[in-house]
Structures are given as C-alpha cells and as structure tokens.
Amino acid sequence: MLILECPYCGVKAEETELSPGGEAHLKRFGPDSSDADFEAYMFARKNPKGVHFERWRHAYGCGKWFLAARCTATLEVFGTYPAQSTEPPVEVIDKIKAKRPDWKGFK
Amino acid sequence: MSDPISALNGASFDGFATIREIGPIGMITLRAKAGTKGLDKAIMAATGCAVPALLRMETKDDRAAGWMSPDEVLLILPYAEVSQALDAIAQALKGQHHLAVNVSDARAVFRVEGAQADQVMRKISPVDFDTLALGELRRSRAAQVAAAFWRDEAGFTVVCFRSVAGYMMALLSQSAKAGSEL
Amino acid sequence: MSTRLTSNGWMINRNVAVEFTFNGKRLRGYEGDTLASALLANDQMLVGRSFKYHRPRGIVASGPEEPNALVNLGSGARLEPNQRTTTTELFDGLEAQSQNHWPSLEYDVGVLNNYASRFLPAGFYYKTFIHPRAAWKHVFEPIIRKSAGLGQAPKDRDADHYEQAYGYCDVLVAGGGVAGLQAALVAGRAGARVWLVEEATVWGGRARVDGDIIDGMAAQAWVDQTVTALMAMPNVTMRLRCQAAGVHDHGYVLLSERVADHTPGDGRPRQRLWRLRATRIITATGAIERPLSFPGNDIPGVMLAGAVRDFVGKWAVSPGDRTVIVTNNDDAYRTAIALHGAGLEVVAVVDARVSVNGDLPERVRALGIRVETGKGIAKVKGTKRVEGVEICVQAGEGKASSFVACDCVAMSGGWSPVVHLWSHCGGKLAWDEAGAFFRPDPDRPPLSHDGRAMVIAAGAANGALRAAATDADAAARIALDMLAMKPAKATAPMHDLPEEGAMAPVWVMPQGADIALRSKMWLDFQNDVKVSDVQLAAREGYESVEHTKRYTTLGMATDQGKLSNINGLAVLAESLNMAIPQVGTTTFRPPYTPVTLGALAGEARGEIFQPLRRTPMHAWHEKNGAYFEPVGYWRRPYCFPRAGETHDQAVHREVRNTRNAVGLLDASTLGKIIVKGPDAGRFLDMLYTGVMSTLPIGKCRYGLMCNEQGFLSDDGVVARIDEDTWLCHTTSGGADRIHGWMEDWLQCEWWDWQVFTANVTEQYAQVAVVGPNARKLLERLGGMDLSKETLPFMQWADGTLGGFAVRVYRISFSGELSYEIAVDAGQGAAFWQALIAAGVEFGAMPYGTEALHIMRAEKGFIMIGDETDGTVIPQDLGLDWAISKKKADFLGKRGQQRSFLANADRWKLVGFETLDGSVIQDGAYIVGQGVNANNQRNVQGRVTSTYFSPTLNRGIAMGLLRHGPQRMGEVVEFSKIEGGTVQARVVNPVFFDKDGEKQNV
Ligand SMILES: [Zn+2]
C-alpha cells in the first residue's frame, strides 16, 4: 500500500486516505476536436511498466488533487507536485533521469 | 424554533477511555485563498484567533480556527453566535472572493479522554499519533468515515459528519472497550 | 513411547496442571505447554491423517512450520479448523479434534486411498478434469469430495471480537531470537523508534535449546540481559505472540497478534491485526530445518532433530525412549547430546557423510553413542508409529545392512533461512552452495518508496546460521545508516562456536533408491507429495517450478511448503539435470502463516460493519415502524406499514393519500452543494447541459450533468441564491461524488476560475410536503406567505414556519402541489414532528421512497440509476429541452457528438401500458424479430421503471425502445422470467396529469 506525500499539506498519506484519478497531464479536447484527439483524451492511456505520472486526490485529508511521478514496477516515488501543473517540475524530471538513465522522457 | 440538538444528544461511554458526544457547537467553513485581504480580520472577528498555519489549530477559550486545506479554514465558536459571526466575516471580506457557510448542524463532535485516549485513536486512524503534536489538526479517516481530530492535554476532539454520528460513537466505544488496551 | 521427563522443561510450570480434551479424551498438561507438547506428554503420537491418502500423521516440528499436527480447535461459536498444535498454547478446557478422517482417527476408511495411490498420482486432478469429463462428474468427484478437505468449517457466528490498530516506526525487527534482540538493541541504542515482534511466547528463539554461548555467557543469561536493556528503552516497543505475517509496499507490514487465543472468553479481543509502517524492516526470522527424504519418513515418530531437542528441553517431553538420529550435518548432534543429557537412549547417529569429525560429533562419540558414517535409512518400520529403521549405505540402492529398533527418528537435512519477509515484496535470493540453501541476495533487496532496500536480513534468516547475533549487529548498522542515524559505540557480540564440519546436501536417501523406495519418500507431508511424484512431473514435461507445484500440489497445503520447498526443488532440479538455482523457487506470498478472517475484518462487523448514515428524523421513522431500504450508506424509509398492512398496501395507501390529501417525505438525503464566486455561473454552465448562469435570483431550474463521454450522470434542481451563489441539489447518495467532480474540474482544469464549493448536504434536514393540502398544512404552521402569487412554482424563499427558520423550495417530483423545506439538521426532528402534528386535520401521512418512485413514474420523471445506467445520454430520454444548443461547450457535449450517440436508431424513452393491465417484470426486454449470431432472440428495447399505479389502478412502465417516440400506439412484447411474453402498448411516458396542472396551483 503506497504512501504519497500531499504537496499541499505535507501529510504523508497512505493509499486508503487517497483516491486515484488515472493518468496525469491529459489535455482536454472539447467540441470541434477531431475524433482522433477526442479518442486520445478519453481512452488512450500509456500504462507503462516504469515511470508514470498519475493523479491522486488527498480525499480524506485536505481534499486537494495532486500529481505523482512513480515507477509502476518498483513503486519508487520520484516526487509529488500540485495538480496546477501542465508538465512535471524540473526537479522531478531531473530526479527521474538520474535514477532511470534509460527513461525516454515525459512526452 | 426549538432548542437545537446534537446528533446523539450527548451520548457517552466509559471504557479504558471516556467517549462523549458534545455539542451543539458552532462551526463555519470559510473558504478563501491564503493572503486574501481581510481574511485575518474575518477569522479574528469570528474566533479571536490568528490565521492558522499549515495543519495547525489556533485556540482561544471556546473558540478556534483550524487549517483544513490551502483555501479552507474551520472556525469553531459558540453555536448561538454563528449568524453574527457570518455577518462579521461578510463585512471583513466584502468585495473579496470567499465562501463562508454555517456547518454547525452538519457535524458531530466527540471527546476521547483519559490517560490512554491515544490508544482509541490508534485503532481507528492511519495516523502516527506518536508524532501528532498538541494543537495539530489532522484530517484522515476513522475506520470507514472521514474525520478530523486534534489533541490537547486532556485527550482528543474528533469531528465527523452528522449522519454517521451513530457509527462513530459505536466505533469509538468498541475501540475503548475495557480489556482491549494496546 | 513419548512421555513427560522429570528434568528440563523451562517452558512449563509443573505447579499448574491444565486439563484439555483430544477427540473427547480427557488429558492433562501443564501451564506453558503447547498443545503439541501436551499431546506428546500423553503419548498421543498419532494426531491426524494426510490429505490425499489419509496416512497416519504425527507431530514433525515444534513451530509454525508444522505440516501434520493440525486440529479443529474449540467448538460451536469458537471452532476454528487447521490450528497448528505446535503453536497453540494449552489452556484449561481446550478442546481439540483431529482432522481428515472418517469414522475415526484410529480407523480411517479413507486410508484405502493409500492402497489406491497408484490411481492418484501427481496431476490426478488435472488429468481427470480434462478427460473423460463424465468420469469426473459421476465417479471421481463424489468420492473425492467426500474424502477431501481438512478441518471442519465453523457454522456458528464467531463469539470473539477482533480489532486492528496502526503503528509507526523507524525499524521493525521481526523475530525475537538472539539476532532480533541484538538488532533491536543496536537500533534502540541509536535512538531509532523500534518495534520488536516475536511470534512465540518467549524471547530468545533457539539459542537456549541449542546451548549457544554469547560473549562468554550462557544463551539465556545473554537473552535476559538484552531483554532487560530493551525494556528500559522508551523508544522500543516489544510484543510477544505477534507475528510479522506479511511485508507489503512502502514498508507496510501486517502483524498478527494473538491477544487472547490462550485465554478465550476473557473479554479481550481474540486477535489484533497491526497495520504497521516501518521505514526499514530487519527480518530476523531464523531458519527452518529440512526433513530428509528416506522411505517411510512420514511415519509418526519421525521428527525434525531440532524439534526433538525442543520438546526435550523446553517442555520436558521425550518423543521416544530410543531415538535414531539421521543427518547430513553437525547440528543434529546437538539433539544427541540433549537426549543423552535427559537420560534418554540414542541408539545411533546415522550420518550420510563419509567423513565426520567436527567438535559436536566428537563429543557425541565421547558419550559412547554409535555414529554410523556414510549411511542412510532404507526403511522405517511401523504404521501408526515408528518401530525401527533399516540402515543402509547412503551411496547404494537401499539394501539394508542392519536393523535397529527405535520409537523415534530425529532427522536433519540441514537448515533453510526463513526468507519469506525478504521475498514478499520482491527481494531476490542467492543459492548458498555451502549451506545448500537460498538466502537473501543483499544486492537485490525489495525496494521501498525511495528506491532503497526496504528489508535487511539478519542472523539465520540471512544465512548466518552460526553467528546470528554478530550478523544481526551488522544488519542493524546498515539500517541505521539508511536512516542517517549513528549507532552507539559498542562491539558486536561474539558467539563461542564449536568447529563444525561441512554439511553434505542429501536430497534422496539412499542415493540410488529405486521407484518403489522413492514412492515412499515424502516431500510434502500434508498433501502427500512424494519424491516419485515430482520426478513424474519432470518426466511429463513440467519444467517450471511453478507448474510443478500446481501439478503435484507440492507446497500447496496449509503450511505452504515450509518443510517441502527446498527438498522438492532439489529433486526437480536433479530430475531435470539442472542446478538448483537455475530451477529457482516458487513465489513467497504473505501471510507467513494463515491470519484468521476475523482479524482481517477487524472491528467491521455487526453494528459497525458499515457506516450507516441516518437523517435527523431517523429515530422518528424507527419509532413509527418504517421499513427501511439502503440508498448508498443511507437508510431511508421505503414505506410506513400500519398494523395488518403488507408493504404493497402501505405504499399504495401512501400514494393515494399524497395525491388526495397531503404526504410528508424525509428528503434530507438529497445532496446540497453551494457554488459561489465570480465565475460560478460560467462554471455551472460547463457542468450542466443547460444554462444556469441566466437563472434569476430566487428561482429554481432543473439541470442534468453528464460525464465527458456524454452519458447522464446526475440530475437535480439548482437554485440561484444571490448574485454569485447557487445551490445545486444532487441525487441522494450523489452528493460526495458530484462535489468531488466539481472540485476535480476546479482544481485540475479551470484552476484560474474564481469559484468555491461547499458540500452542505448534512447541514440541513429537508422535508417534502406534497399534495393538494400542502399549502393549507404549512399555513397552519404559519410565518410566511406561501401563496401562488408570492411563491410560484420553481421559486424559493427564506422565512419561518411554526417558528422554525426555513428555506422553502417550490419544486415537485410528484406532480402535486409541493414544497421542499430545509431547516438546520438540529431542528429536523422537531420540525418533522411539528408537521406531523399540524397535519392531522389535513390527513397528512408520511410516505417512503417507493411511493416517491411510483409518483414520479406516474409523471414520467426519470430517476438516475433507473432510466440511466452509464450508457444513456439525455437525448435518449427525450430531455433535449434541458440541453443548451447555444453553449459552445459543456462537459459531455463532445462525447455526445460521437456517431453512435448522435444516431437516430438509438433506443429512446417511451411509456408502456400492458394490454391486460398487469405489471411488466423488472428488467424485461422488448423482444424483436429473429435471432442474433449467438442464437439469442433479438431485442429492441428494455423496461427501465415498472410499477403498479394505485392512482390509475393498472401497471405502468417506462422503457427504452428503438425509434420509440415514433411508435406511439404500437403494441410490443416484453419477455417474462418464466417464459412467454406480455403485450404492451407504446404510450406517452407521462401517465398522470399530462398538462401539469396539479403542481401549479
Ligand atoms: Zn493534503
């Protein structure tokens, strides 16, 4: 059972205090978007074995959504950061690169 | 208007710790971004307390202000003074984006007291009570329901939603049963 | 025979006798006995039967690894099957029943399976499952079902209670032997927050019984001194009877604490499950001795050598008068010394090694005990207990060179580290050639959240079988280093060790045994898997150890292969001509030993099984005979039956009374969310399919919410409170979900919008006052103007009624004149009673959710969860009027544009009236023409709501039908569960008061 540190309140919350929200950094496509874009937004998920970016809500705590970068294979957590981020912060990226030299990058 | 009643009308239980449902207590949810102009005045007017720091509970007599989230403060005050406080908050935050609502009746409040009160809490919440400081406000779950609690010299105050007050009372009582000390 | 000795027995208190029963027989033991030691003290060598062949089984081990001596413990409400006698503490009145035999332990019919064993080879189940099917069903299954299974399943409700608790520490030390004690000591002295847990009832593990000497002290003196030091440390928590059962992600460890297993009925929780978080875990779980595979090694009286000296030393029980020791290592000689010291006869030590000259064998020889080197056992004589052994040359084919009479055989195939806690979360193992065991590979540990080692192995669990405390000292230093803590200055403890000769791996004894002998060498005692079975599996192509395990059931019994694992692997490797590390091990899964379901459920049973939600009026409902139904965690009155009424009759009365007079509904469960801010209107326009920003202050509007796929997710009435405040009603039970949905969009997508939300559902009690007399009733309470002119339909107003501060919404879910009135929850019960009292003269009655459902169906109003199921869009329900055409965007708009949703062929909502007036069955389909590819009847629609309408005195229904609205008047057929169909006419879904005159008065 994971522990993730909520970047808003600093609480090291365990998984039962959190609710999961799937893949992070999806771009919303609304009316007038192409079928392909809408499909990508609604359904296409990376589901990697390795470095992954996810949405979590500190549901039983401060109620805030935050994002987490972790390895789905080893469960190593590289960092958590606010949901108001369009891409992962530099320090999180740097940490992942240092620990996973083979990592292909965030995009 | 009849006298307001708390969810369990003051139920209590004596085990290796004492459980008491208390209230009714005045509570206001105040939502505003940190640093909003007039926020300190609003909190002061309602509770006499300063703006609470991260995870802290500021207390003054029977009033308190607790940090609930980056843009939410819980104000605690006498039940009868809530509407007056709401007026004062509206005055202090006039023209500022905020939301203040009375949630006094939406909550049930319990006291868990006694030398081993912490053991009751250790059974119900995934929280490190060894390191929970006096006056630290922690939101978590109590078994299967959401709860907020803080510690003082005499024990703990536990807040949950009114509809699950019966569950909380039974949960705390079961956890405080004599003979089940940790 | 096995009996109680007069010397030794430091675990027992001879001054306190304890009475217990085994298969109804009254027996006596002492305080401090385990059930196993007490049974042996009473010469009860036969304790059970094996799973498949029902062979006689005796006690083999002295700890949690015991595969045989499992019993049904207790009776009635305290019956628990498969309890290991070796870890069950004896208490006065204990009742035990042996398992897996019929009609009795002594005379078991199932033992016939033994003689039929050539018909029950490895893979028997696989083979008969596959072919022939009929044989399985009619021949094998009935027989096997009758004879299979171990313990009895309890039938009564468990009389005990259980609980859980959370713990936190820097270092968890699992295991309280000398390694665990030393690791805890080092970590504790450094100031770390330490938990030290031990599954047994005493500290020290095997050290005392093995005669260890540490720092020049006898083991027990060292243990006592260390425990005393640890107890003085406030940062160290120590728990006995507490097993680290499983290691999970991020340092989450489940500890199973047996609080009152040995004192049943004393009021304490029987067991407690600790949910511990440890930053680092030191596993000091010791090692388990391996059996040797020789013919007849399963006969009662053949035991592990370490267990034999445990029974002699700890509990003063001799398993036999004359013991033969068979070994491939020096450690087993400690058993010879222990038995000799207790005055018992050691007939011979049979050692498979040719050259034996370590310190311990020399001491045994000096005691005058016969040591046979290069020898093995060719046969164990006896059935229900050992009568003697035939000794042979280990290197040969099993021709006996001598026969020795004995009643106990103590065997040792070497020791294997208990690597479970290391392996649960993915720690890898390395093969240790010298010890012939797998041990934790420090370069491939299980990882924690920081990518560093979560578990550190110490002592025997780390493969350091000889100098465990010294090894543990180093392990604790590694853990401290990872915690950035400094160990106190102290030297590591030193073991004073005898010189030991190398052990020799022996996987089959004798080495050249033929098939007949190999068919009598047991690997898995409980599941009856023999050397020959594993070899057969290898011959049949099962090369993967995981496949072999499932094919043969090796290691799949309740002991999960604690004794059989390595021996089975070695035999498989040999058969495949592979090295053991190449074959690998099966997966070690938690828990280490079974954790009872009660502990996993914890406090969640009875009254607090689930958090039931109650409205402020709940007590009144209970007092007035409400029949409740669950709505999420809420309990809502379904109806209020009166004396002599059925539920149906009550519901019909409630509907008629509401339509004709006035009804009262507790609507407190309705979700209420306040949305406020300069961007609140814009936000709600995105959330709802309709427009909320233009709603005038004081008015109400019905709204629909969809998910991004376009499917309908919730509905409710929105009220505009002031310039920048709206109040959104959600469905009962939808409040938390919709509040979360709002926050998700505000926090994660439109975080620059100025909007705050608050879920105020529970702040208010809400009552719907419904029916032609509704206004009259409220006017009797008095306090505000509720006339049509002042408060028309779809408006709200604040005021007082009967002295209560209220907010009144004129909205209707029944088609009647209706007011929904919110008061503070603390006033809810009083307000409800005031309405009931004032309502007497107007014929007011409470009504429940079923009457509510019928009345909304009579009006053709949809219900989320009935008309919707996550695949329905508002357009399917004819709700196009609630979808804005003008808005450029709202959640779900893009989804609804997808071709299969914007499709004229979709099933759409219509009403149905059966031709015979009957009620269409719930879930019925509307059958179509022909059949589909699976030869099932084609369907063209389904019912979504179906009721008997007391107002119209006939069955009414709503449902989805292909091209529905274009088919008014057509007759279609609904399926029936019992077969056949019922005919119904397609009609307008509004059955009652089509023009909506009643609600608008
Ligand atoms: Zn948080």
Side-chain angles (χ1 to χ4, degrees), chain A residues 1-5 8 12-17 19 21-35 37-39 41-43 51 55-60 62-80 82-86 95-96 98-100, chain C residues 164 166 168 246-254 275-279 425-426 444-454 686 707-711 736-737 739-753 757-759 887-900:
Chain A
M1 185 171 44
L2 306 181
I3 288 181
L4 296 172
E5 184 174 323
Y8 292 98
K12 289 184 173 65
E14 69 162 45
E15 213 170 315
T16 66
E17 300 178 276
S19 19
E23 188 175 315
H25 301 302
L26 297 175
K27 179 173 162 34
R28 178 173 185 259
F29 284 94
D32 305 325
S33 59
S34 70
D35 281 355
D37 282 345
F38 186 71
E39 185 195 16
Y41 160 53
M42 268 335 293
F43 304 113
V51 178
R55 285 155 34 85
W56 290 88
R57 187 183 185 210
H58 193 188
Y60 278 100
C62 71
K64 295 302 179 197
W65 283 93
F66 64 89
L67 307 182
R70 70 176 181 106
C71 176
T72 58
T74 67
L75 307 187
E76 179 169 1
V77 179
F78 304 110
T80 55
Q84 296 80 39
S85 316
T86 48
K95 191 169 173 191
I96 299 170
K99 295 210 158 193
R100 299 284 188 280
Chain C
Q164 300 183 353
Y166 299 85
Y168 295 81
V247 169
H248 304 263
D249 310 333
H250 288 189
Y252 184 56
V253 185
L254 291 185
R275 304 168 68 164
L276 189 83
R277 285 284 180 177
T279 310
C425 252
R444 295 180 297 162
L447 301 178
S448 197
H449 63 99
D450 53 1
R452 303 170 74 199
M454 181 159 76
M686 283 301 295
N707 60 24
E708 273 286 67
Q709 293 215 51
F711 298 125
D736 291 336
R737 179 173 56 88
H739 185 234
W741 174 245
M742 289 177 171
E743 283 294 324
D744 192 351
W745 287 99
L746 286 171
Q747 292 176 33
C748 303
E749 188 70 20
W750 305 310
W751 60 75
D752 51 337
W753 295 12
T757 68
N759 184 353
K887 291 195 298 185
D889 193 5
F890 60 82
L891 297 181
K893 184 176 169 96
R894 175 63 182 87
Q896 289 166 5
Q897 291 166 348
R898 288 178 293 168
S899 56
F900 70 98

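Bear in mind the structure is a predicted one, so any value in this text is a computation, not a measurement. When reading the values below, keep in mind they use all heavy atoms of this one structure, side chains included, and skip hydrogens, waters and symmetry mates. Residue numbers begin at 1 in each chain, while the letters A, B, ... track the order of the sequences.
With a 4.5 Å cut-off on non-hydrogen atoms, C:Asp752 does not touch chain A at all. Residue contact with chain C, scored on non-hydrogen atoms closer than 4.5 Å, involves the side chain of A:Met42 exclusively. When heavy atoms are compared at a cutoff of 4.5 Å, A:Lys64 approaches chain C by way of both its backbone and its side chain. In this structure, the portions of C:Gln747 lying under 4.5 Å from any heavy atom of chain A include both its backbone and its side chain. For C:Ser448, the part lying under 4.5 angstrom from a heavy atom of chain A is the backbone only. Neither the backbone nor the side chain of A:Ser19 has a heavy atom closer than 4.5 Å to any heavy atom of chain C. Heavy atoms closer than 4.5 Å to chain A are found in the side chain of C:Arg275, but not in its backbone. Contacts between C:Gln709 and chain A at a heavy-atom distance below 4.5 Å involve backbone atoms as well as side-chain atoms. With a 4.5 angstrom heavy-atom cutoff, C:Met454 does not touch chain A via any of its atoms. For chain C, the nearby part of A:Phe43 is the side chain; its heavy atoms alone come within less than 4.5 Å. Only the backbone of A:Asp32 comes within less than 4.5 Å of a heavy atom in chain C; its side chain stays farther off.
Inter-residue side-chain proximity for A:Tyr41 and C:Glu708 is flagged as met; some heavy-atom pair is nearer than 4.5 Å. Under the 4.5 Å side-chain criterion, counting only non-hydrogen atoms from C-beta, C:Gln897 is not in contact with A:Phe38.
Remark: C:His449 NE2 to A:Ile3 CD1 distance equals 7.0 Å, nearest 0.5 Å.
Of all heavy-atom pairs spanning C:Asp450 and A:Glu76, the tightest one is O-OE2, 3.4 Å. Across A:Pro31 and C:Ala888, no two heavy atoms sit closer than the pair CG-O, 3.2 Å. C:Asp744 approaches A:Arg55 most closely through the heavy-atom pair OD2-NH2, 2.8 Å.
Ion pair A:Arg57/C:Glu743 not flagged as a salt bridge, since none of the NZ, NE, NH1 or NH2 atoms sits closer than 4.0 Å to an Asp/Glu carboxylate oxygen. Classification of C:Asp889 and A:Arg28 as a salt-bridged pair holds, one side-chain N sitting under 4.0 Å from a carboxylate O.
Remark: the A:Glu15 side chain and the C:Tyr252 side chain contain no N/O donor-acceptor pair separated by less than 3.5 Å.
For CD of A:Gln84, the number of neighbouring non-hydrogen atoms (other residues, nucleotides, ligands) closer than 6.0 Å is greater than 12.
C:His250 contributes a side-chain N or O that, together with a main-chain N or O of A:Leu75, makes up a donor-acceptor pair within less than 3.5 Å.
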